[in-house]
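For ligands, and for the atoms within them, numbers begin at 1 and follow the listed sequence.
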Amino acid sequence: MKKREECSMFIQELMQYQIQYKQNVFLKEYTTLHIGGRAHIMIFPKSVQEIEQCLKLCQKYDMIYVVLGKGSNILASDQGYHGVIINLTMFCEMKRLDGQRICVQSGATLKNVCDFCLQQELTGLEFACGIPGTIGGAVYMNAGAYGGEMQEVVEKVVYLDDKGVKTLSHSEMQFSYRHSYFSQQKGIILEVICCLKIGNKELMKKQMNDLMRRRHEKQPMSDYSAGSTFKRPNGHYASALIKQCGLQGFQIGGAQVSLKHAGFLINCGHATSQEFLQLIKYVQKTVYKQTGYQLECEIKMLE
Ligand SMILES: Cc1cc2nc3c(=O)[nH]c(=O)nc-3n(C[C@H](O)[C@H](O)[C@H](O)COP(=O)(O)OP(=O)(O)OC[C@H]3O[C@@H](n4cnc5c(N)ncnc54)[C@H](O)[C@@H]3O)c2cc1C
């Protein structure tokens with residue numbers, strides 16, 4: 001972190017612009033894995049103007065920053081983060097545009113977006129109703145489930161980088177499996193425009209309930225996790241390979257290969273980020289040795 005003096009000037013400016021922030025927060029409280037040390041400053045902007053202001057202040061005081069949604073795909077270090085966390089969960093409005101399009105601010109949760117779509121009778125996003133992240137995080141990751149992927153509904157993305165607000169069309173988003181333009185380029189996703197279809201409320205509701213039931217049956221929903229730890233390797237499933245190697249239930253400290261779903265590494269309640277990383281590496285090494293498959297991490301490190 002910067003010198004104390006610069007830090008307090010940064011805070012003073014946030015107060016001047018009436019941008020909400022917290023100091024000395026524990027990242028474990030903001031990640032679904034429930035792991036992570038202290039972040040000195042976490043900002044909660046509510047508008048594009050406030051997000052722009054945050055970026056300008058980070059530049060002015062030469063502070064590094066990272067964007068956080070619901071923290072459902074993140075392993076945060078026990079050492080915390082020595083920069084500014086821009087938490088977008090209060091930037092979450094959504095509206096229907098003409099016809100079958102919606103425009104959603106990036107901090108809206110997929111659950112709320114799906115509820116909005118249901119109310120508007122617009123179909124296409126039901127697959128995402130149980131993914132516990134924001135739409136910004138989902139676009140960043142090109143999240144997917146049960147045969148659907150974000151790239152099928154995203155028409156346009158408005159984002160902010162050091163040079164200002166810009167727009168990317170679907171074809172410029174470079175979507176592929178758990179990958180988007182933002183996997184390589186820095187930028188804050190601001191708004192997502194989705195193109196949906198006219199749906200039937202009852203059918204949509206039934207499908208969403210069905211998918212939620214399947215999740216609860218198969219996934220360790222009541223444990224601390226970040227979802228599937230590894231990407232699906234070509235031609236196989238990570239969970240099947242991990243199971244085949246006899247790793248289900250294997251534990252290092254408080255980090256464990258879930259007994260319910262071998263693709264989920266979980267925090268039993270007291271895992272450190274080091275233990276979690278050690279478990280990731282152990283699983284990768286064992287699976288490679290026994291099957292020849294290289295498992296690539298899906299979750300992102302925050303350090
Ligand atoms: C129980 C459980 C089940 C899950 N099931 C699925 C599933 O079925 N399918 C699936 O794909 N994923 C799944 N996940 C993983 C996760 O929910 C998704 O990847 C989700 O899209 C992440 O969104 P988030 O808001 O939590 O992002 P975060 O975890 O907060 O961030 C993830 C990455 O996106 C970046 N980011 C977030 N918001 C923005 C933004 N506005 N602009 C720029 N960058 C941004 C962050 O910097 C970070 O690098 C699951 C997770 C859990 C815990």
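Polar contact with ligand 1: absent for Lys300 (N/O pair, distance under 3.5 Å). Residue Gln219 has no nitrogen or oxygen atom sitting less than 3.5 Å from a nitrogen or oxygen atom of ligand 1, judged on distance alone. In terms of polar-atom proximity, defined here as any N/O pair under 3.5 Å, Ile189 does make such a contact with ligand 1. Between Gly144 and ligand 1, a contact under 3.5 Å exists for at least one N or O pair. In terms of polar-atom proximity, defined here as any N/O pair under 3.5 Å, Ala143 makes no such contact with ligand 1. Among the atoms of Val67, some N or O lies under 3.5 angstrom from an N or O of ligand 1.
Closest to atom 44 (N) of ligand 1, if we only count protein heavy atoms, is Tyr140 CD1, 3.4 Å. Summary of contacts: the protein heavy atom closest to atom 28 (P) of ligand 1 is Gly71 N, 3.6 Å. The nearest protein atom to atom 29 (O) of ligand 1, hydrogens excluded, is given as Asn73 N, 2.9 Å; this is a heavy-atom distance. In this structure, atom 13 (C) of ligand 1 lies nearest to the protein heavy atom Ile131 CG2, 3.8 Å. When hydrogens are left out, the protein atom nearest atom 26 (O) of ligand 1 is Ser72 OG, 2.6 Å; that is the closest non-hydrogen contact. Closest to atom 5 (N) of ligand 1 among all protein heavy atoms lies Arg215 NH1, 3.1 Å. Counting protein heavy atoms only, atom 48 (C) of ligand 1 is closest to Ile74 CD1, 4.1 Å. Summary of contacts: the protein heavy atom closest to atom 38 (N) of ligand 1 is Gly137 N, 3.5 Å.
Within ligand 1, counting atoms from 1 as listed, the ones closer than 4.0 Å to a heavy atom of Leu68 are 30 (O). Here is the list of ligand 1 atoms found below 4.0 Å of a heavy atom in Arg178: 11 (O). With ligand atoms numbered from 1 in the order given, ligand 1 contributes 21 (O) to contacts under 4.0 Å with heavy atoms of Ala138. Atoms of ligand 1 lying under 4.0 Å from any heavy atom of Thr32, numbered from 1 in the order shown and given with element: 53 (C).
Between Glu202 and Lys206 there is no salt bridge, since no side-chain N of the basic residue sits under 4.0 Å from a carboxylate O of the acidic one. Between Lys60 and Glu13 there is a salt bridge, since a side-chain N of the basic residue sits under 4.0 Å from a carboxylate O of the acidic one. A salt bridge between Asp161 and Lys186 is absent, with no side-chain N of the basic residue lying under 4.0 Å from a carboxylate O of the acidic one. Classification of Asp115 and Lys111 as a salt-bridged pair holds, one side-chain N sitting under 4.0 Å from a carboxylate O. Note on Arg178 versus Glu149: salt bridge recorded, some NZ/NE/NH1/NH2 to OD/OE distance being below 4.0 Å.
If you look at Thr31 next to ligand 1, there are no close heavy atoms at all, none under 4.0 Å. Counting heavy atoms closer than 4.0 Å to ligand 1, residue Met141 contributes side-chain atoms (C-beta onward) but none from N, CA, C or O. Both the backbone and the side chain of Ser225 come within 4.0 Å of ligand 1, counting heavy atoms alone. Here Ala226 has backbone heavy atoms under 4.0 Å from ligand 1, and that is the only part of it that gets that close.
For the residue pair Lys56 and Tyr17, no side-chain donor N or O sits within less than 3.5 Å of a side-chain acceptor on the partner. Between the side chains of Asp223 and Ser225, no donor-acceptor pair of N or O atoms lies under 3.5 Å. Lys197 and Gln100 form no side-chain donor-acceptor contact under 3.5 Å, judged by distance and modelled atom types alone. For the residue pair Glu172 / Ser169, a side-chain donor-acceptor distance below 3.5 Å is found, with atom types taken as modelled. Neither side chain, Asn142 nor Ser180, offers a donor N or O lying under 3.5 Å from an acceptor on the other.
Put simply, CZ on Arg101 and CD on Glu155 are 4.0 Å apart, with the number rounded to the nearest 0.5 Å.
The cationic group of Lys281 does not satisfy the cation-pi geometry with Phe276, failing either the under 6.0 Å distance to the six-membered ring centre or the 45° limit from the ring axis.
Under a 3.5 Å cut-off, the side chain of His261 and the backbone N or O of Ser239 do not form any donor-acceptor pair.
If you chain together hydrophobic residues whose side chains sit under 4.5 Å apart, Val257 and Ile299 fall into the same group.
The shell of residues lying under 4.0 angstrom from ligand 1, judged by heavy atoms, includes Gly187. Every heavy atom of Met150 sits 4.0 Å or more from the atoms of ligand 1.
Between Phe10 and Tyr61, the ring planes are perpendicular. Angles over 60° get that label, and only those under 30° would be called parallel.
For atom 2 (C) of ligand 1, the nearest non-hydrogen atom from the set Pro132, Ala145, Ser106 comes from Pro132.
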